[in-house]
Every structure is written in C-alpha cells, then in structure tokens.
**Student:** 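Below you will find the structure I want to go over with you.
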There are 2 protein chains.
Amino acid sequence: MEPIYLRIFKDIEARILNGDWRPGDRIPKEHDLVKDYSCSRMTVSKALATLVERGLVVRKRKTGSFVASPQIERTVMDIQDIGTEAVSAGHEHRHEILAHKVDALSQTEAVQLRWSAGAEVLRVQCLHIVDNKPTAIERRIIFLDAVPLARSEPFLDAPPAKWLLSQVPWSKAKHVIRAVSADAATARILRIERGEPCLNLIRQTWQNERIVTYVEITHPGDRFQFAGIFHPAEKASSRQHPHEALS
Amino acid sequence: MEPIYLRIFKDIEARILNGDWRPGDRIPKEHDLVKDYSCSRMTVSKALATLVERGLVVRKRKTGSFVASPQIERTVMDIQDIGTEAVSAGHEHRHEILAHKVDALSQTEAVQLRWSAGAEVLRVQCLHIVDNKPTAIERRIIFLDAVPLARSEPFLDAPPAKWLLSQVPWSKAKHVIRAVSADAATARILRIERGEPCLNLIRQTWQNERIVTYVEITHPGDRFQFAGIFHPAEKASSRQHPHEALS
DNA sequence: TATATCTATTTGTATAGTCAAAAGCGGATC
DNA sequence: GATCCGCTTTTGACTATACAAATAGATATA
C-alpha cells in the first residue's frame, strides 16, 4: 500500500511534468488537498514540502503554492540558455537564425534518436553572438508532433532554447559533452580555423516519454567553458555560481 | 529564532562534512536526539528526512541511521573516478604514476588557486589507460596540510582520485569543462597528434573552506565524453544513467 | 489621497501520541 | 547445526491539534 503523502506528491508531480499545471499556476491549498484526500494537514504538508525540496513548487504564506519556474535549473540543466547566462554576466548577446525548415526525420537520425523515421520535424540552425564574437552554433531538431506551435515560430525575439522552455517547461534531458575539431562549415561560421578544438554539447529532451527536441551546440574551445560549484549536500537550486563562463 | 529541526539538521550535516562522522558511521537514533534536543520525535524525524533527501544519510528500520557513502554522487560530482566508471561499463582499466614529488606551491599557482604561496603540496601525474589505450592524463596537486597521509601514499592500488575519496569523503568542488588542443607533452603521453582537440576537466576541491586538491584531467576528444540523463524532479542519487562514456 | 492598522488566510513549526512494518536476535524445536 | 517463531528495537506513516509568522486585502485614519 502506497503512503498517502507519496500519492499526493506523485499526483501533483505528474500534472506539472505533463504540462497540465504550468509554471506560475496556483496549486490547491493545503486545506483543499486535505479534503480531496481526506487525510490530515501534516500529510499534505509533507507531500508539498517534498515538491518544494525538488524545486517543482514554491510556496508563500497567505498567497498560496505555485508551480515553480524551471528557468535556471539544476546542474547540467543550466547548460540551457546561452543568452541569459551571457547577459547576466554583463555581456551583450544576440542571435541569428541561419536556417529554418520543416522536414522529415531521416532513417539515420531515426536510429540514432530511437524514434520513427519520417516524423515531421523543424530544423533550425542558430548562431549565438556574444560581444560581437560568434560564440556558439546551435543545430536543432524540434519534433512538431510534440510542439506544434514551433511550425510558425520565427525565433526572432527568443532563440530556440529559450522559446522552447516557455512551451515545454518541465522535461527529462540527456546530455553529452565532447571535444571535437571544427569541420569546414563550423569553422567558417564561427570564424575559426578548421580543426580547432570545440566544445560540443548534445542534448536530447523528452516530455512524458515523447521526444521534444535534439540539439547540438558547438562552442569554440577558446571562447567558452562550463563551470559550476557544487556543495554535495546543497539543494540544487541554491548552488553558488552556476554559469557558463566566457573564458 | 531558528527552527529546531534546522538546528538538528545543520549540526549533523556539519559533523558529516567535517569528516567528524565518516561514511558508515552510525548516527544517534531518533530517541536519543529527542532527548538531546528535548523536542518531539516528529521534529527529529523531519531533520533526518532532510538529510536523507540530500543524500547524506541512509536509514534502515531496526538497524539505525548511518552516514551515506558518497562514492557515486551527484551530477558533475560523478566526473570523479575514471577507473570505476570504465570498469562498470565493462572496460579494463589501469593507471601509471608518471611523476610524484613533494614541492612548494608557486607564486603563480597561489594566485590562481587563491591560496598562500609556499604551501607544501604533492604533485602527482597519472596516466589512465582503458582497454590498453591512454584515455586520460591527470595532473594533480594535493595539499599536504589538508591530507597529510598523502605524503607517503604511492597510489599503486587506487589512483589519486579514488584514494582521496577514501580520505576526504565529503567536500565542495568547483568544476570547469573546456575544450583545448593538445600541447606537445600531452600529445606525446596520450599518443595523439599535437593540436588535437582534448576535453579538459579542472576540479578544485575544498573541505571546510580548506583547499584539498586541484586537478586537471585531459582526455583525447575522440576517446571520451561526459554524459548523463537528468530528470528534473528526481533525487540526484536516483539518476538513470550517470556515466562517463567511452565514445 | 496616502498611510497606518486591523483582520483573515495560508503556510510554517511543533507537540504528543498511535499503529505499522522491517529486521536483528535469541530461543525452541527438529 | 539448521529452521522457524516470536520478541524487541528502530524507523515509517499518520492524526488531531496548537500556535506563530507572513502578508494580501479591507478598513479606518490623517
């Protein structure tokens, strides 16, 4: 028999992860949950405390409990949004869309991503420019099945990463970080020599077992690094200097 | 006025982080803590639950509560121990000590690490070999003030990273991940071409505001990558595939 | 209009207990 | 010795309740 507090926790977690309740939405107050589950307030409180601990919920006296904004989140999840990090570190950031087309998932890609070939996807290529230097090239595949609104999104205001976060806030992600040499195309776009070392971040993102996006971000090795301070026992959200730093 | 459960939590956390209570040590049972702090059992329970949540403590009915083993831990902290990861992925791993000497911290290093020049340190250089291919070169500085036992440690059985973990289990760490090109010395040792891209991990580790070690690990870009799956709402300790993968 | 005060709501912390489940231990039995 | 049984310890889940702290919104006051 599953404990009550766990059932409450999972119910709410599921609704947040599904996107059923979105960041900023109010979640029922303790008193209501007490009635819904016919249990004591302490039990509800324990479930909500766990959600706070995990960073899914924020609570405020008198005001209520709300789905948290996932924006700046957890460790490698931080490696999300180049622009925000750059700007908050006092740099000027802009982006250019280099390519943008609706296409079908190829056989090779389908095998690699473990998805079905022919799925309709949006391919976006985006260049990130920090302090007038090209700092990253972002090659992205967005699955239109999961994010239909992407089809007509020009990504002018917000780069794809940021825009997607507003559409699909809570997700599971797989990250791979590698060092590669710049191929001809990459070198030309980033204005570096062919063969120069580049930091390569690949991220695949799911929501509810459904693949949302696949992205490969390539940084010139001399212009970028990932950094972070980790205190083992700390809450993920209170880490001290989560940042992608310009080197 | 600080809540009681927080005081209990912090007291125990401090003892674990100090190395006062070491992994496997038993911590007082709820009943004893109730007496120590003259509070109710629920309050003690809340403090201990938080410690479990943070991964510092494991509990078992009838047996008691114990300081957890930090071995495989938290996100980028995983990027710790090349050998363990390689072996658990079915690869053969060995290491060679290339250099090993007691020295004083230079002026340049002192500035970079924000520590006092002249401090007595142990410099170790270690080559990691996976499936007979050189996979990483580890250049490490160990501060003998913090780890006096290191002076007479030959690092034959366990490479420095692993040995240190057994000496200083809980610590704060700063990580930087970069892509660099191999310099002449590195290229020769790793048997790659000069200028080839390498994945460079720098980690600086503290215990109690005292610097323990500084290490720079260089991987050939084509032979190594960092990877991990992250579920946003999950406990750090239950991540699904934390690994450094051979590519 | 602006400011101070009161009030009601909601979360935060804590108590003092109950009952349950897991698991180590010793003893009885085979 | 090995196996099973019950006792005891320790953690786990939960209730019902109390009071405190924060604060949004209404009300009264200057």
**Student:** Hey, are A:R7 and A:E2 close enough for a salt bridge, meaning a charged N less than 4.0 Å from a carboxylate O?
**Tutor:**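 Salt bridge flag = no for A:E2 with A:R7.
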**Student:** Check the phosphate of C:dT11 against A:S45, side-chain N and O only, distance under 4.0 Å to OP1 or OP2. Yes or no?
**Tutor:**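 Checking A:S45 against C:dT11: no side-chain N or O falls below 4.0 Å of OP1 or OP2.
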**Student:** Figure out the NE2/C1' separation between A:H31 and C:dA8, and round it to whole Å.
**Tutor:**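 Value for this atom pair: 14 Å.
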**Student:** Distances for protein N/O vs nucleotides 22-25 of chain D N/O pairs under 3.5 angstrom?
**Tutor:**
residue: D:dA22; atom: O4'; partner: A:R61; partner atom: NH1; Å: 3.4
residue: D:dA24; atom: OP1; partner: A:K60; partner atom: NZ; Å: 3.4

**Student:** Give a yes or no on whether the backbone of A:H91 and the side-chain of A:D131 come within a donor-acceptor separation of less than 3.5 Å.
**Tutor:**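 No; judged by distance alone, with no hydrogens or angles, the pair does not exist.
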**Student:** Is the phosphate of C:dT13 approached by B:K46 (side-chain N or O, under 4.0 Å from OP1 or OP2)?
**Tutor:**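 Answer is yes, contact under 4.0 Å.
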**Student:** Assess whether a salt bridge exists between B:R59 and B:E30, defined as any Lys/Arg side-chain N lying under 4.0 Å from an Asp/Glu carboxylate O.
**Tutor:**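 So B:R59 pairs with B:E30 through a salt bridge.
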**Student:** Take atom CZ of B:R26 and atom P of C:dG24, then tell me their distance rounded to the nearest Å.
**Tutor:**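 Interatomic distance, CZ of B:R26 to P of C:dG24: 12 Å.
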**Student:** Taking OP1 and OP2 of C:dA16, is either one under 4.0 Å from a side-chain nitrogen or oxygen of B:R41?
**Tutor:**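 For C:dA16, neither OP1 nor OP2 has a side-chain N or O of B:R41 closer than 4.0 Å.
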**Student:** Consider only side-chain N and O atoms of B:E153 and B:W163, and report whether a donor and an acceptor are under 3.5 Å apart.
**Tutor:**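 The answer is yes; a qualifying pair exists.
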**Student:** Does the side chain of A:T43 get closer than 4.0 angstrom to OP1 or OP2 of D:dT15 through an N or O atom?
**Tutor:**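 Affirmative; the distance criterion is met.
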**Student:** Assign each of A:G64 and B:C39 to its nearest nucleotide of DNA chain C by heavy atoms, then name whichever residue's nucleotide is nearer the 5' end.
**Tutor:**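 Here A:G64 is the residue nearer the 5' end.
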**Student:** Measure from CE on B:M42 to C1' on D:dA16 and round the result to the nearest Å.
**Tutor:**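 These atoms are roughly 12 Å apart.
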**Student:** In whole Å, what is the span from the NZ atom of A:K29 to the C1' atom of C:dT11?
**Tutor:**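 It is 12 Å, rounded to the nearest whole Å.
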**Student:** If we ignore hydrogens and angles and just use 3.5 Å, is the side chain of B:T63 paired with the main-chain N or O of B:R61 as donor and acceptor?
**Tutor:**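 Judged by distance alone, yes, a pair lies under 3.5 Å.
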**Student:** A:E30 has an atom CD; how far is it from atom P of C:dT13, in whole Å?
**Tutor:**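 Whole-Å distance recorded here is 11 Å.
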**Student:** May I have the distance from B:R7 (atom CZ) to C:dT13 (atom P), rounded to whole angstrom?
**Tutor:**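 Computing the B:R7:CZ to C:dT13:P distance gives 15 Å.
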**Student:** Looking at the side chain of B:Y5, which of D:dT11, C:dA14, C:dT11 is the nearest nucleotide?
**Tutor:**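 It is C:dA14.
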**Student:** Can we say B:E13 and B:R54 salt-bridge, meaning some charged N sits less than 4.0 Å from an Asp/Glu carboxylate O?
**Tutor:**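 Result for this pair is no, no salt bridge flagged.
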**Student:** Rounded to whole angstroms, how far apart are CG on A:L33 and P on C:dG12?
**Tutor:**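 Taking CG of A:L33 and P of C:dG12, I get 13 Å after rounding.
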**Student:** Report which part of the nucleic acid A:I4 touches: base, sugar-phosphate, or nothing (heavy-atom distance under 4.0 Å, all strands).
**Tutor:**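 Sugar-phosphate contact only.
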**Student:** To the nearest angstrom, how far is A:M1 atom CE from C:dC19 atom P?
**Tutor:**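 A:M1 atom CE is separated from C:dC19 atom P by 19 Å.
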**Student:** Is the shortest side-chain heavy-atom distance between B:C126 and B:R140 below 4.5 Å?
**Tutor:**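 No - every pair of side-chain heavy atoms lies 4.5 Å or more apart.
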